[in-house]
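Here the structure comes first, spelled out in structure tokens, and everything after it is commentary.
Throughout, a chain's letter reflects where its sequence line sits, starting with A, and its residues are numbered from 1. Remember, predicted model here, so these are calculated numbers, not experimental data.
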2 protein chains.
Amino acid sequence: MMCQGVIQVNAALAMVGAVSLSDPSNPTTRVMDVLKFLAAHPTERFTLAEIARHVGLSNGSAHRLLTTMAAGQFLSRHEKHRTYSLGLSLVAIGQAAIAGHQGIEIARRELARLAAELDMQCSANCLADEEIVVLVKEGRPQSHLGLTRVGERRPLMPPVGLCHVAWGEQTLIDDYIGKARPFMAASVLDHLRDALPLIRARGYAVCANGPGAAASRQVLVTASDQVRDDAYWTRVHELIGQLSADEIQLVDLARAEEAGVSYMAAPVFSPAATVAFQLVVTGLPTDLDPRKIEACAQRLCAAAAVVTAEMHGRHPAG
Amino acid sequence: MMCQGVIQVNAALAMVGAVSLSDPSNPTTRVMDVLKFLAAHPTERFTLAEIARHVGLSNGSAHRLLTTMAAGQFLSRHEKHRTYSLGLSLVAIGQAAIAGHQGIEIARRELARLAAELDMQCSANCLADEEIVVLVKEGRPQSHLGLTRVGERRPLMPPVGLCHVAWGEQTLIDDYIGKARPFMAASVLDHLRDALPLIRARGYAVCANGPGAAASRQVLVTASDQVRDDAYWTRVHELIGQLSADEIQLVDLARAEEAGVSYMAAPVFSPAATVAFQLVVTGLPTDLDPRKIEACAQRLCAAAAVVTAEMHGRHPAG
DNA sequence: TCCCGTTATTCCAATAATGGAACGACACTG
DNA sequence: CAGTGTCGTTCCATTATTGGAATAACGGGA
């Protein structure tokens with residue numbers, strides 16, 4: 001029956017607040033979309049027309065939007081080339097946001113320590129509106145693939161964001177699995193479902209490397225430069241279908257020796273006992289033996305625990 | 001005749017882009033206003049009604065605005081207390097904005113060095129839509145008055161923002177002086193006018209301490225907590241009228257021994273040869289002799305020059 | 001516990017923003 | 001140097017958002 005799916009979707013929407021549903025063209029959303037788009041490309045500059053295309057605006061609307069934002073220094077405008085990028089006001093606002101979330105600075109400190117100890121790439125990301133947003137990055141700057149650049153956004157789809165999902169609300173879990181279902185073999189889907197309790201029990205998530213993970217990375221990274229059109233989503237969905245069980249969650253750490261570990265993640269909890277953000281370690285050597293991996297994971301969890309503690313977070317009861 | 005004033009105002013508006021004029025209730029502006037308000041109070045949390053009052057919105061509009069922004073993690077919502085503050089997405093966007101403005105990190109480094117050397121409070125601020133926005137702060141954290149907190153905003157009025165004005169466009173100068181004119185004695189106004197070429201020649205601005213400066217600080221600081229209503233502007237205007245010539249710009253450094261220096265500022269130029277932001281030193285000891293003040297100023301200018309150079313800025317030809 | 005002031009949320013008519021096209025300007029190219 | 005495509009800007013009727021009041025849900029105090 002199709003009914004169940006519909007009910008789930010409605011529940012999720014009611015949960016979120018139904019704003020995105022009833023407002024097909026919310027002006028607030030457009031402002032945020034412009035900022036999100038520009039934040040995903042911090043070093044580039046875009047013309048009015050480019051931005052209009054990327055966020056789906058008419059030139060006329062984009063013109064007033066960008067002019068207004070530039071007037072307030074939310075965007076900085078390069079007069080010569082008529083291009084826009086994030087403005088200085090956002091620097092101030094970003095600093096203020098950090099001041100309001102003590103966890104961020106603590107996380108940065110711990111991630112830097114972690115990156116130095118393990119000589120790996122460490123980052124933190126949070127969940128924003130069905131997307132994963134990179135908040136902090138420490139360690140070897142700008143990996144060869146430019147994989148995780150602060151401000152970048154990726155859709156919440158396997159195999160990323162598992163910590164957000166594993167400790168998230170039931171509706172989020174249902175949504176996550178629901179989005180993956182059409183593209184996964186039944187056995188792999190079951191593996192994904194079973195992975196969540198395991199992640200909760202272990203306290204961290206670990207994904208194996210492999211052709212699916214690599215291809216997925218490739219697409220997601222290169223795709224961050226382009227519009228998320230139907231072709232993009234088709235590719236993403238195809239890639240999800242190609243993921244192996246180990247690439248979704250590595251149950252048996254011994255199997256890591258085959259292809260290595262793609263990433264490990266551990267959650268940081270907020271005072272409200274929800275996942276504030278997750279700490280991620282990537283760029284692990286491929287020749288790590290299970291013992292080393294276990295040690296890395298424990299070190300990562302320790303860092304996450306420190307951050308949780310210092311920001312007065314609480315581990316959810318269950 | 002009144003005509004001249006009107007002409008000036010129209011010129012200024014045409015300059016800015018006339019967006020703020022023709023759009024009495026621009027939805028983009030409202031988003032920015034909410035962010036600006038929350039950024040000015042990074043550590044506090046506000047209810048929907050409070051925010052609606054402060055930015056001048058109806059509860060209904062504020063509700064959808066805040067809900068939408070919270071859904072995208074532009075605001076974080078405290079479910080228990082139903083309060084809002086800046087969200088994690090803004091952390092990412094702020095980091096991205098910093099990545100796009102190389103000058104910021106260089107400025108932070110130089111300001112930190114400066115603060116350490118001089119044991120004073122150093123900050124950087126930029127001009128945004130007729131307001132001064134604090135971008136960076138280094139040195140003794142949170143002065144006794146909480147004078148300059150990152151994200152805070154102050155109206156562009158004497159005696160602040162002189163570097164922005166002195167090297168700014170003629171329309172900005174006219175606007176600045178025009179706004180001050182109604183509240184200043186003619187002689188003081190002349191002093192202000194004459195100060196701008198002096199600042200350009202010296203390469204920095206320096207204001208003396210005194211009753212006017214102190215009172216002004218007091219009002220501006222305490223006022224950052226409240227709505228900018230008519231009463232607020234009346235007080236600001238009164239205070240501007242009370243400023244002495246030395247409090248606007250200290251022509252003779254020897255006179256500093258009387259009351260000390262309120263602040264010193266030097267401009268950092270962008271590649272387009274405009275003022276990107278200004279570096280400010282505050283919290284100077286009151287017992288500095290003119291030689292020491294001169295040395296401080298030169299050290300400040302050196303820092304500004306380093307930042308300008310490293311971000312490939314150009315000093316304006318004139 | 002109840003009450004009361006405040007707050008969050010929903011709804012609809014009034015209002016202001018939007019999108020599309022047309023214009024003017026620019027840069028690039030052959 | 002002219003042609004051509006793209007870009008930025010302006011304009012107006014259509015359309016979606018806004019503001020205000022009514023409603024519901026708190027939360028603090030006695």
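Side-chain nitrogen and oxygen atoms of R30(A) include at least one within less than 4.0 Å of the OP1 or OP2 phosphate oxygen of dG19(C). Taking 4.0 angstrom as the limit, S61(B) places none of its side-chain polar atoms (N or O) nearer than this to OP1 or OP2 of dT18(D).
Distances from the side chain of A49(B) to the nucleotides dG19(C), dA8(C), dG20(D) place dA8(C) closest.
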Under 3.5 Å, N/O pairs linking protein and nucleotides 9-14 of chain D:
{"from": "dT9(D)", "atom 1": "OP2", "to": "H63(A)", "atom 2": "NE2", "distance (Å)": "3.0"}
{"from": "dT9(D)", "atom 1": "O5'", "to": "H63(A)", "atom 2": "NE2", "distance (Å)": "3.1"}

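Rounded to an integer number of Å, the gap from CD of E79(B) to P of dA25(D) is 17 Å. Spacing between atom CG of N26(B) and atom P of dT17(D) amounts to 15 Å, rounded to whole angstrom units. Per the geometry, CG belonging to L57(A) stands 19 Å off P belonging to dT15(D), to the nearest Å. dT7(C) atom C1' lies 13 Å from atom CG of L66(B), rounded to whole Å. In this entry the distance linking NE2 of H78(B) with P of dG27(D) reads 12 Å, nearest Å. With rounding to whole Å, K80(B) atom NZ is found 18 Å from dT7(C) atom P.
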Next on the checklist: Go through it in stages, so that I can follow the logic: the residues are K36(A) and D33(A), the test is salt bridge (Lys or Arg N to Asp or Glu O under 4.0 Å), and I'd like the CA-CA distance, side-chain angles, deciding distance and then a yes or no.
Outcome noted: CA-CA 5 Å; K36(A) 288 193 288 190; D33(A) 285 343; 3.5 Å; yes
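Proximity of a side-chain donor or acceptor of T308(A) to a complementary backbone N or O of V268(A) within less than 3.5 Å is not detected. Between the side chain of H63(A) and the main chain of N59(A), no donor-acceptor pair closer than 3.5 Å is present.
Evaluated for a side chain to side chain contact (heavy atoms under 4.5 Å, CB included) with S85(A), the options R45(A), H41(A), H78(A), E44(A) yield exactly one hit, R45(A).
Counting heavy atoms from C-beta outward, M32(A) and M69(B) have side chains that approach closer than 4.5 Å.
There is a side-chain donor-acceptor pair under 3.5 Å between Q278(A) and N125(A).
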